[in-house]
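These notes concern the structure reproduced below.
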2 protein chains.
Amino acid sequence: MSLDQLRYFVAVAETGSTHAASVRACVSQPPLSRQIRALEAEVGVPLFQRTSRGMLLRPAGVTFLQHARSILGAVDAAVVAARGHAGHVAAGSALEWTEAPPADGRG
Amino acid sequence: MSLDQLRYFVAVAETGSTHAASVRACVSQPPLSRQIRALEAEVGVPLFQRTSRGMLLRPAGVTFLQHARSILGAVDAAVVAARGHAGHVAAGSALEWTEAPPADGRG
DNA sequence: CTTCTTTACGGCCAGCGTAATTATG
DNA sequence: CATAATTACGCTGGCCGTAAAGAAG
């Protein structure tokens, strides 16, 4: 399970085909198709119905799509929230180490 | 950014050291330390304060921890929710393809 | 010296991309 | 034949684990 698999899944779910999804995700169809397969294997339930017209979302896929979007959004929100603390100190907190770290030249 | 990085981060945040975290996550310290570094680089904010006693969570880390737990929980919930559709059909729905897929012997 | 984190080095698995195959209308 | 997904094959990159180094009490 990986975040990329979730992104690929959303792309396929939203476009209805691995071709459009591969363009959206900037990868070729084979890797994308494999990741979708791997994702389905991991959740243990087929998320799509393969047809000659493309990829049709199944009920489990619809449910998973909502969760996938939520997770992806949460990941972005986590980064934004953490960045919101850049240079901040916890005013009124008893945590002294909230002060900026010493200039120990990391890197 | 990966789910493993999130798991490692939670382990370090909860144990306060890379040693205990590495035991908890079943990996050695170096890979874990590298992933934490990579995570901090990706979010663009130092999440921990390195001390000779271990890893101290910084305010940004506290915030990120809450999000990380939520994300990890959401991932698990997504799988459980999708599995809840196993063998189900959308009763009353117009979606015929909710029936089980044909036995095409994939894999 | 002891404890803890980080950097260096070597080997392995996973994932990507191109080309070929199968299924449908 | 045209379209769409999947499988086969070779290669590169990232990650892990062991060993060594730097920092603090």
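Both backbone and side-chain heavy atoms feed into the values below; hydrogens, waters and symmetry mates do not. Chain A is the first sequence line, chain B the second, and so forth, proteins listed ahead of strands; every chain is numbered from 1. What you are looking at is a predicted structure, and each value in this text was computed from that prediction instead of being measured.
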Discussion item. Check this for me: does the side-chain of A/Arg53 come within 3.5 Å of the base of C/dG25 through a donor and an acceptor?
Written reply: no
Discussion item. Whether the side chain of A/Arg34 and the base of C/dG17 hold a donor-acceptor pair under 3.5 Å is what I'd like checked.
Written reply: yes
Worksheet item: Could you walk me through whether A/Met1 and B/Val75 pass the side chain to side chain contact (heavy atoms under 4.5 Å, CB included) check?
Response: CA-CA 9 Å; A/Met1 169 79 88; B/Val75 169; 3.8 Å; yes
Tell me whether the side-chain N/O atoms of [X] come closer than 4.0 Å to OP1 or OP2 in [N].
{"X": "B/Tyr8", "N": "D/dC15", "value": "no"}
{"X": "B/Ser52", "N": "C/dC4", "value": "no"}
{"X": "B/Thr18", "N": "C/dT5", "value": "yes"}
{"X": "A/Arg50", "N": "D/dT6", "value": "yes"}
{"X": "A/Arg37", "N": "D/dT6", "value": "yes"}

Discussion item. Heavy atoms only, 4.0 Å cut-off, all strands: where does A/Ser28 land among base, sugar-phosphate and nothing?
Written reply: base
Discussion item. So B/Phe48, base contact, sugar-phosphate only, or nothing? Heavy-atom distance under 4.0 Å.
Written reply: nothing
Worksheet entry | A/Leu3-B/Val43 co-clustered via ILVMFWY side chain contacts under 4.5 Å | yes
Practice prompt. Group every Ile, Leu, Val, Met, Phe, Trp and Tyr by side-chain heavy-atom contacts under 4.5 Å, then state whether B/Val23 and B/Phe48 land in the same group.
Written response: no
State which of [options] makes the closest approach to the side chain of [X].
{"X": "A/Gln35", "options": "D/dT7, C/dC16, C/dT5", "answer": "C/dC16"}
{"X": "A/Ser17", "options": "D/dT6, D/dA5, C/dT5", "answer": "D/dA5"}
{"X": "B/Ser33", "options": "D/dG17, D/dT6, C/dT5", "answer": "C/dT5"}

Worksheet item: To the nearest 10 degrees, what angle separates the axes at the start and end of the helix from C/dC1-D/dG25 to C/dG25-D/dC1, five pairs each?
Response: 20°
Worksheet item: Could you state the CE-C1' distance from A/Met55 to C/dA23, rounded to the nearest angstrom?
Response: 15 Å
Item to complete: Please report, rounded to the nearest Å, how far the P atom of D/dA4 is from the NE2 atom of A/His19.
Response: 7 Å
Worksheet item: Can you name the one residue among B/Leu39, B/Leu32, B/Asp4 that meets side-chain contact (heavy atoms from CB on, under 4.5 Å) with B/Phe9?
Response: B/Leu39
Worksheet entry | Within 6.0 Å of CZ in A/Arg83, more than 12 heavy atoms from elsewhere | yes
Discussion item. Give me the atom names and distance for the closest heavy-atom approach of B/Arg58 to B/Gln49.
Written reply: CG-N, 3.5 Å
Fill in: Any side-chain heavy-atom pair of A/Phe64 and A/Leu6 under 4.5 Å
yes
